Amino acid sequence: TDTLFDKKIPKGLKTREGIIKLIDFCKNSGTEVWIITASNEVLVRKTMKHFNIQADVVGVQNVVVNNIITANLEKPLSMFEGKVNVSKNL
């Protein structure tokens with residue numbers, strides 16, 4: 001049984017073996033690796049740490065006001081055409 005954020009995950013999380021091999025190959029070849037995701041960046045970073053995936057990441061972030069996480073999302077969003085716009089700024 002795996003855990004994430006102190007919650008038990010009975011079926012566990014799986015990574016795609018090919019993706020891990022691709023990341024490793026790119027890093028070993030001197031390529032800078034970025035993960036651009038439409039998922040919440042905090043969750044992706046935690047998952048990457050769990051699987052020991054070393055890469056930079058850009059994901060969806062909530063707006064924080066007075067140390068309170070709101071339902072509003074930071075722009076530009078890293079989804080749909082926003083992934084292209086975000087990647088151009090790296």
Side-chain angles (χ1 to χ4, degrees):
T1 302
D2 288 332
T3 61
L4 185 63
F5 294 116
D6 297 323
K7 302 287 184 188
K8 289 184 180 181
I9 305 168
K11 293 184 180 179
L13 294 173
K14 290 186 177 181
T15 61
R16 294 184 180 159
E17 186 177 326
I19 296 297
I20 301 301
K21 287 181 180 179
L22 177 61
I23 290 171
D24 289 343
F25 174 80
C26 290
K27 290 183 76 69
N28 290 333
S29 299
T31 302
E32 189 175 8
V33 177
W34 284 82
I35 296 173
I36 303 175
T37 178
S39 297
N40 181 280
E41 186 173 313
V42 172
L43 180 60
V44 172
R45 285 184 185 278
K46 183 73 172 175
T47 303
M48 289 170 59
K49 182 177 178 182
H50 177 79
F51 289 107
N52 196 30
I53 298 170
Q54 303 295 317
D56 292 304
V57 64
V58 174
V60 175
Q61 297 180 355
N62 294 78
V63 174
V64 177
V65 177
N66 296 325
N67 285 336
I68 297 172
I69 299 172
T70 69
N72 299 323
L73 301 177
E74 294 280 351
K75 304 287 193 274
L77 295 174
S78 57
M79 58 180 65
F80 308 117
E81 65 278 352
K83 281 191 176 189
V84 174
N85 295 334
V86 167
S87 67
K88 287 179 180 178
N89 294 324
L90 297 178

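Please read these numbers as outputs of a predicted model, since none were measured by experiment.
The stretch residues 31-43 participates, sequence neighbours left out, in these salt bridge (Lys or Arg N to Asp or Glu O under 4.0 Å) pairs: E41-R45. Screening residues 18-30 for side-chain hydrogen bond (donor to acceptor under 3.5 Å, both in side chains) gives E17-K21 as the qualifying pairs, with residues at least two apart or on separate chains.
Hydrophobic clustering places I20 together with I35 (ILVMFWY residues linked when any side-chain heavy atoms are closer than 4.5 Å, directly or through intermediates). V65 and I69 end up in different hydrophobic clusters when Ile, Leu, Val, Met, Phe, Trp and Tyr side chains are linked at under 4.5 Å. Cluster annotation: V58 is not connected to F80 through the hydrophobic network of ILVMFWY side chains, with a link wherever side-chain heavy atoms come within less than 4.5 Å.
Here the closest heavy-atom approach between residue W34 and residue V57 is recorded as CE3-N, 4.1 Å.
Listed by chain and number, the hydrophobic cluster partners of V84 come to none, as no ILVMFWY side chain reaches under 4.5 Å of it.
With sequence neighbours left out, K49 forms a side-chain contact (heavy atoms from CB on, under 4.5 Å) with no residue at all. By the side-chain hydrogen bond (donor to acceptor under 3.5 Å, both in side chains) test, K88 is found to be paired with no residue, residues two or more places apart in sequence or in another chain being considered. Applying the side-chain hydrogen bond (donor to acceptor under 3.5 Å, both in side chains) criterion to N40, with sequence neighbours excluded, gives N62. Evaluation of the side-chain hydrogen bond (donor to acceptor under 3.5 Å, both in side chains) rule for Q54 yields N52 as partners, not counting sequence neighbours.
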Let me have the donor-acceptor pairs involving side chains of residues 71-79, under 3.5 Å, with sequence neighbours excluded, atom names and distances please.
residue	atom	partner	partner atom	Å
S78	OG	T37	O	2.5
S78	OG	V60	N	3.4

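Interatomic distance, I36 CD1 to D56 CG, rounded to the nearest 0.5 Å: 10.5 Å.
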